[in-house]
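These notes concern the structure reproduced below.
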Amino acid sequence: MTSVAHTPSPVTDLTIVQVPVSDPRVAPLLRELGDEYSARYGKDAHAELARYPDEEFAEPYGGVLLLLLENGEPVAGGAFRRYDETTAELKRIWTHSAHRRRGLARRVVDELEREAAARGYLRIHLTTGPRQPEARALYLAGGYTPLFDTGADPETIGPLPFEKHLAGNAPTAKASAP
């Protein structure tokens, strides 16, 4: 049997769209995330995806769900929800299994950061699982601050928390009175 190296297809037409969770184009995101989490953590993770009501990812509730479409088909996506008045929480960052290693997750995270900043959020918070080294690497490379000991065995930590202050919205240090 001959092995052929996978060469990513050239990016042809990428479009970011904001959609409700009920949009049929979101189904591959939810299905693949649930399957991936179940494979990595050995339990049915589809329930974890249902943990937050769909409306938390809608504009009136301070959230958003974005899909990155290539030639009209979803290849990546992600969402944020209101964590608190000044913080958005990233959730459901996904790249279709047939489209990985193309920088699409980075593009989605960048778009989510821009959207959060445009809505007045000052900070992003997120957690990723200890068995997701590619997600950990994505956030570290994207300028996120780990809120855990990066030298510790991730399995001893549980969910790995990160934060990032949004450009132009970062808190400033107050000068002390003389």
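In this text, all values refer to a predicted model and were calculated from it rather than measured experimentally. Quick note: residue numbers are just sequence positions, from 1. Note: hydrogens, waters and symmetry copies are ignored here, and every other heavy atom, side chains too, is used.
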Search all heavy atoms of [X] against all heavy atoms of [Y] and return the closest pair with its distance.
X      : Y      : value
Ala88  : Ala116 : CB-CB, 4.1 Å
Asp153 : Thr156 : O-OG1, 2.6 Å
Pro159 : Thr127 : CB-CB, 4.0 Å
Val21  : Arg92  : CG2-NH1, 4.2 Å

According to a 4.5 Å side-chain heavy-atom criterion applied to Ile, Leu, Val, Met, Phe, Trp and Tyr, with indirect links allowed, do Leu140 and Leu112 form part of one hydrophobic cluster?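 Same cluster.
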Let's go through Glu36 and Arg100 carefully: what are the C-alpha distance in whole Å and the side-chain angles of both, what is the deciding distance for salt bridge (charged side-chain N to carboxylate O under 4.0 Å, His left out) to 0.1 Å, and is it a yes or a no? CA-CA 13 Å; Glu36 184 85 18; Arg100 294 187 178 155; 3.7 Å; yes
Would you call the rings of Phe148 and Phe162 parallel, tilted or perpendicular, taking 30° and 60° as the class edges?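 Perpendicular, since the angle between the ring planes exceeds 60°.
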Could you walk me through whether Leu138 and Arg106 pass the side-chain contact (heavy atoms from CB on, under 4.5 Å) check? CA-CA 7 Å; Leu138 170 69; Arg106 175 79 257 147; 3.9 Å; yes
Is there a donor-acceptor pair closer than 3.5 Å between any side-chain N or O of Tyr121 and the backbone N or O of Gly62?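 Yes; judged by distance alone, with no hydrogens or angles, the pair exists.
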Check step by step if side-chain contact (heavy atoms from CB on, under 4.5 Å) holds for Glu111 and Leu68. CA-CA 10 Å; Glu111 292 292 335; Leu68 180 61; over 6 Å; no
Arg114 bridged to Asp110 by N-O distance under 4.0 Å: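 No.
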Is it true that Arg40 and Glu134 make a salt bridge, defined as a side-chain N closer than 4.0 Å to a carboxylate O?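 The answer is yes: the pair qualifies as a salt bridge.
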For residues 76-87, which side-chain N or O atoms pair as donor and acceptor with protein atoms under 3.5 Å away, sequence neighbours left out?
from	atom 1	to	atom 2	distance (Å)
Arg81	NE	Glu56	OE1	2.5
Arg81	NH1	Glu89	OE1	2.5
Arg81	NH2	Glu56	OE1	2.9
Asp84	OD1	Thr86	N	2.9
Asp84	OD1	Thr86	OG1	3.3
Asp84	OD1	Thr87	N	2.9
Asp84	OD1	Thr87	OG1	3.0
Thr87	OG1	Arg123	NH1	3.2

Sequence neighbours excluded, which residues qualify as salt bridge (Lys or Arg N to Asp or Glu O under 4.0 Å) partners of Glu55?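 Partners of Glu55 by the salt bridge (Lys or Arg N to Asp or Glu O under 4.0 Å) criterion come out as none, since no residue qualifies.
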For Asp23, give me all partners under salt bridge (Lys or Arg N to Asp or Glu O under 4.0 Å), at least two apart in sequence or on another chain.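 Partners of Asp23 by the salt bridge (Lys or Arg N to Asp or Glu O under 4.0 Å) criterion, ordered by chain and then number, come out as Arg25.
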Within a radius of less than 6.0 Å around OH of Tyr41, do more than 12 heavy atoms belonging to other residues, nucleotides or ligands occur?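 Counting other residues, nucleotides and ligands, OH of Tyr41 exceeds 12 neighbours.
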